[in-house]
Amino acid sequence: MKLTLLALAAVAALGTAGMAQAAPIKVGVAAEPYPPFSSPDASGKWSGWEIDLMNAICADQKLDCVVTPVAWDGIIPALTSGQIDMIMSSMSITAEREKVIDFSDKYYVTPAALVVAKDSSIAATVDGLKGKVIGVQVSTTNEAYAKKFYGKTSTIKEYQTQDEVNQDMAAGRIDADLADQFTLEAFLDSADGKACCKSLGALPYDNETLGTGIGAGLRKSDTELKAKINKGIADIRANGTYDAITKKYFNFNIYGG
Amino acid sequence: MIALIRPMLKPHRMIMLAIGVALVLYCALSLRWDWVPHYWNDGLIQRGIWTTVWILAVTWGVGLVMAVGLGFAQAAGPWWLSYPAFGFCSVIRGTPLLLQLWMLYYGLGSLFPHYPWIRQSAAWTYLREAWPYAVVSLTISFAGYEGEVLRGAFLGVPKGQLESARAFGMSRWTLFHRIWLPQALYRALPTLGGETVLQLKATPLIATITVVDIYQVSSRVRQDTYLTYEPLLMLAVTYMAITGLIVLAFRWAERRIPSKVA
Amino acid sequence: MLDSLSALFAPDGPLGLLALSPPGWGGNLLLGLWHSMQIAVGAYALGLSIGIVGAYGKLYGNEVVRDIFSLYTTVVRAVPELILILILYYAGTDMINQVLLGAGFDRWAPSRLLIGTVVLGVVMGAYMTEVLRGAILAVPQGQIEAARAYGMSPLLLARRITFPQMMMNAIGGMANLWLNATKDTALLAVIGLNELTLTTKQAAGTTKAFMLFFIAAMVIYMIVSVVSGRVFAAIERWARKGQPKLGGGGV
């Protein structure tokens with residue numbers, strides 16, 4: 001099965017190398033608001049830091065890229081089955097995922113952070129969270145992190161989208177919201193977040209679950225596209241476009257060391 | 001046993017059977033199933049099936065009781081009962097269950113921050129869980145659909161029966177629970193079997209509001225193992241098995257009914 | 001009247017978020033509805049075609065045809081639509097692509113609108129087969145025999161006798177299936193297709209006006225349902241003309 005797949009992929013790579021440029025590259029993003037990285041506006045257009053970054057990379061490499069919203073929990077099958085050609089949806093590069101798909105170089109790094117209700121006295125430790133309900137988005141690094149450190153002592157509740165976790169945090173159905181720090185800060189800046197919650201700050205980084213940064217997900221066979229995306233990331237890092245885009249959304253460095 | 005085997009002996013059926021066996025063998029041998037023992041020993045698969053089954057059973061039972069009221073109100077109630085019942089059934093049947101479910105869970109949830117006393121109330125233990133919303137939503141959905149079915153069934157009971165029961169001097173209650181209701185239920189029984197399968201098929205939607213049913217378990221497997229087809233195949237087989245049991249149960253119930261419906 | 005209506009939908013009005021042009025999400029919701037309707041109509045048409053073939057196949061086909069259609073209707077009606085959608089969405093395109101790539105063609109990525117339509121159409125077809133089969137069975141056998149005795153060709157018989165009477169019997173079930181088609185499009189939200197239900201959720205999630213958008217979507221679905229109900233009632237009256245009125249008992 002694997003071998004035939006590889007053989008087919010090789011045939012495809014040979015047969016279509018010339019045509020690949022013609023078809024637009026479908027870039028999958030999770031079909032949910034994930035501010036400030038990607039969210040739909042009232043006209044149905046997608047915007048945000050990651051969308052701007054994608055446009056910059058594609059412009060630099062003269063690729064024709066279109067945003068294609070897909071369900072987060074099926075985003076990897078969508079890539080491997082050919083519904084989309086690339087994932088740019090704040091996906092962390094982890095060893096587990098690298099068994100199935102390939103990643104570009106990282107384009108930002110985010111630690112996991114914890115948000116709790118304003119009046120709560122929960123501490124961001126294993127003991128502090130004992131018996132509490134922690135909400136996470138399914139199949140994210142944060143879910144893996146929560147399970148590894150709090151799985152035995154706390155209840156981990158899984159949601160399809162981060163937006164739903166935040167929504168239930170505001171509703172008070174969960175005691176803590178564990179997610180990427182930058183998107184949690186955007187949540188705390190919103191009216192709902194301001195009214196309900198406070199941040200307990202970033203959690204200690206764990207390479208095994210959180211991975212080595214966030215990159216674009218690619219099919220293992222698409223080595224050519226991977227080289228282009230890596231070149232694009234390096235180019236916009238070097239020519240200042242990356243920093244210009246980042247300044248629009250953040251007042252600090254999100255690329256990491 | 002022979003009665004089961006003989007129809008399969010026709011050549012085309014044997015070929016179909018052989019293709020089926022080959023497919024099953026292919027799936028069993030070339031796809032990955034090593035995750036099954038892990039999730040079975042965890043008890044996750046069993047818990048998922050149990051959640052699906054109990055939610056189906058509870059919403060079926062409560063929904064049917066509500067449906068008797070809704071159907072009877074529409075068939076024989078005064079206007080101030082039949083109009084609201086008709087409106088309720090129309091809205092439930094006219095809008096997608098997924099939307100009703102999200103409205104109940106996320107819509108209501110969005111109101112909680114504005115009313116802090118809700119979190120102090122006794123109901124909060126349930127309001128913060130997901131399953132009560134699943135149960136309520138599936139119950140009213142089943143009630144809405146079956147209310148319509150039973151309306152027709154109540155109207156379909158022959159007038160003569162009701163008139164002769166009255167002539168016998170039966171009280172209204174006796175007439176209802178001895179004549180009208182049983183006859184309506186008998187008439188609705190074949191439809192009810194199909195509708196129960198539809199209700200089973202609606203249950204996986206509750207996974208979208210974080211209830212851990214068998215569908216949610218399979219998505220978890222899908223996400224843990226990055227396998228696409230195997231968990232979905234397991235799901236399809238599980239639902240087909242439950243459907244089979246429902247169909248058998250209704251066949252048994254239909255056979256047990258003594259009287260022929262005119 | 002018009003003034004107060006436009007004030008209602010002004011950016012700071014109570015329904016401003018539903019205005020047709022940004023910053024209102026109304027236009028986006030209608031686009032979602034447009035997608036839902038496209039899928040529903042396509043799926044219904046496909047389902048009807050499958051249903052006609054299936055019903056005739058199940059009734060008049062040879063044993064092999066009958067068994068194949070029985071298998072199809074049994075499996076499709078036993079597995080939740082949501083799971084069929086996921087299986088056909090991932091496995092279907094994957095299989096087509098493996099064949100295409102194997103034959104040296106380019107990868108084919110059909111639009112999700114198309115996939116959604118085909119999947120729902122296949123589901124619809126199974127139910128339609130049963131509805132139409134029942135409707136054909138309800139055509140009195142004597143009429144068919146009489147037509148045959150008159151020497152009508154099978155085609156003429158189908159056109160003059162079976163089809164009109166079958167339509168009359170089938171229209172109620174077909175109306176139900178159309179309503180199911182419009183509602184089942186909501187399931188495609190789960191694969192991230194921006195039809196009405198998913199658009200509603202995105203709008204609600206972005207603006208945090210959950211109740212407003214959910215109620216708006218409910219109203220839109222209700223309008224679709226009521227209008228379709230009217231249309232099908234009119235068709236049914238037309239199909240039943242000259243027939244004795246349907247009447248139940250009751251008091």
Side-chain angles (χ1 to χ4, degrees), chain B residues 10-13 15-16 20 75-76 90-91 93-100 102-104 106-111 152-163 194 197-198 200-205 207-208 215 218-219 222 228-229 232-233 235-237 239-244 246-247, chain C residues 36 62-68 71 74-75 77-84 86-87 90-91 94 127 130 176 179-180 182-187 189-190 195-198 200-201 204-205 208-215 217-226 228-229 247-251:
Chain B
K10 291 174 183 158
H12 77 276
R13 286 206 172 141
I15 293 170
M16 279 168 81
S90 304
V91 171
R93 284 156 30 94
T95 54
L97 176 59
L98 190 61
L99 190 65
Q100 297 165 15
W102 285 353
M103 178 151 165
L104 208 62
Y106 292 109
L108 273 190
S110 74
L111 300 180
F154 277 119
L155 286 176
V157 174
K159 254 187 189 164
Q161 299 230 12
L162 303 176
E163 276 160 13
V197 175
L198 289 184
L200 167 72
K201 287 167 54 176
T203 54
L205 291 182
T208 63
Y215 176 81
S218 96
S219 342
R222 204 148 55 96
T228 312
Y229 308 125
L232 285 173
L233 281 176
L235 260 190
V237 170
Y239 281 105
M240 283 203 279
I242 304 178
T243 303
I246 294 173
V247 170
Chain C
S36 292
N62 62 24
E63 275 192 331
V64 182
V65 174
R66 277 210 302 262
D67 279 358
I68 288 174
L71 197 66
T74 313
V75 170
R77 291 189 305 157
V79 179
E81 284 80 1
L82 193 56
I83 292 155
L84 288 174
L86 288 176
I87 292 181
Y90 295 123
D94 198 24
Y127 287 93
E130 293 302 310
N176 275 341
L179 284 182
N180 282 352
T182 58
K183 282 178 292 175
D184 280 355
T185 56
L187 296 178
V190 176
E195 45 64 68
L196 181 53
T197 300
L198 186 67
T200 305
K201 187 141 172 274
K208 303 294 164 200
F210 281 85
M211 275 305 189
L212 176 72
F213 280 107
F214 282 137
I215 291 173
M218 285 273 198
V219 170
I220 296 178
Y221 277 112
M222 271 317 286
I223 293 173
V224 171
S225 149
V226 169
S228 327
V251 190

Residue, of C:Y90, C:Y221, C:F213, that accumulates the most heavy atom pairs under 4.5 Å with chain B: C:Y221
Nearest non-hydrogen partners of C:V79 and B:K201, listed with the distance: O-CE, 3.4 Å
B:I246 portion near chain C, given a 4.5 angstrom heavy-atom threshold: neither
Backbone N/O of B:G94 and side chain of C:S225: donor-acceptor pair under 3.5 Å: no
Region of B:S218 in contact with chain C, defined by heavy-atom distances below 4.5 Å: neither
Stepwise side chain to side chain contact (heavy atoms under 4.5 Å, CB included) check, B:R222 with C:L86: CA-CA 12 Å; B:R222 204 148 55 96; C:L86 288 176; 4.2 Å; yes
Candidate pair B:W102 and C:T197, rule side chain to side chain contact (heavy atoms under 4.5 Å, CB included), full reasoning: CA-CA 10 Å; B:W102 285 353; C:T197 300; 3.6 Å; yes
Among the listed options B:A241, B:S110, B:G244, the residue most often paired with chain C at heavy-atom distances under 4.5 Å: B:S110
Expected output: side-chain C:K183 to main-chain B:L98 donor-acceptor under 3.5 Å: no
pair C:I215-B:M103: side-chain heavy atoms closer than 4.5 Å: yes
Chain C interface, residue from B:G107, B:G152, B:G194 that has the most non-hydrogen pairs under 4.5 Å: B:G107
Region of B:T95 in contact with chain C, defined by heavy-atom distances below 4.5 Å: both
Atom group of C:L71 that falls short of 4.5 Å from chain B, counting heavy atoms: side chain
Test side chain to side chain contact (heavy atoms under 4.5 Å, CB included) applied to C:I87 and B:Y229, step by step: CA-CA 7 Å; C:I87 292 181; B:Y229 308 125; 6.0 Å; no
Region of C:V224 that comes under 4.5 Å of a non-hydrogen atom in chain B: neither
Residue part contacting chain C, namely of B:I15, when any heavy atom lies under 4.5 Å: neither
Heavy-atom pair count under 4.5 Å with chain B, highest-scoring of C:K208, C:E81, C:K201: C:K201
Spacing of CG belonging to C:D67 relative to CZ belonging to B:R13, to within rounding of 0.5 Å: 4.0 Å
Counterpart residues, salt bridge (Lys or Arg N to Asp or Glu O under 4.0 Å), relative to B:E163 (two or more places apart): none
Side chain, backbone, both or neither of B:V91 within contact of chain C (heavy atoms, under 4.5 Å): both
From C:R77 atom CZ to B:L198 atom CG, the distance as rounded to the nearest 0.5 Å: 9.5 Å
Toward chain B, the part of C:A209 with a non-hydrogen atom under 4.5 Å: neither
B:L232 versus C:I83, closest heavy-atom pair with distance: O-CG2, 4.1 Å
Step-by-step side chain to side chain contact (heavy atoms under 4.5 Å, CB included) determination, C:M211 to B:L108: CA-CA 8 Å; C:M211 275 305 189; B:L108 273 190; 4.3 Å; yes
Heavy-atom closest contact (C:F214 atom, B:Y106 atom, distance): CE1-CB, 4.3 Å
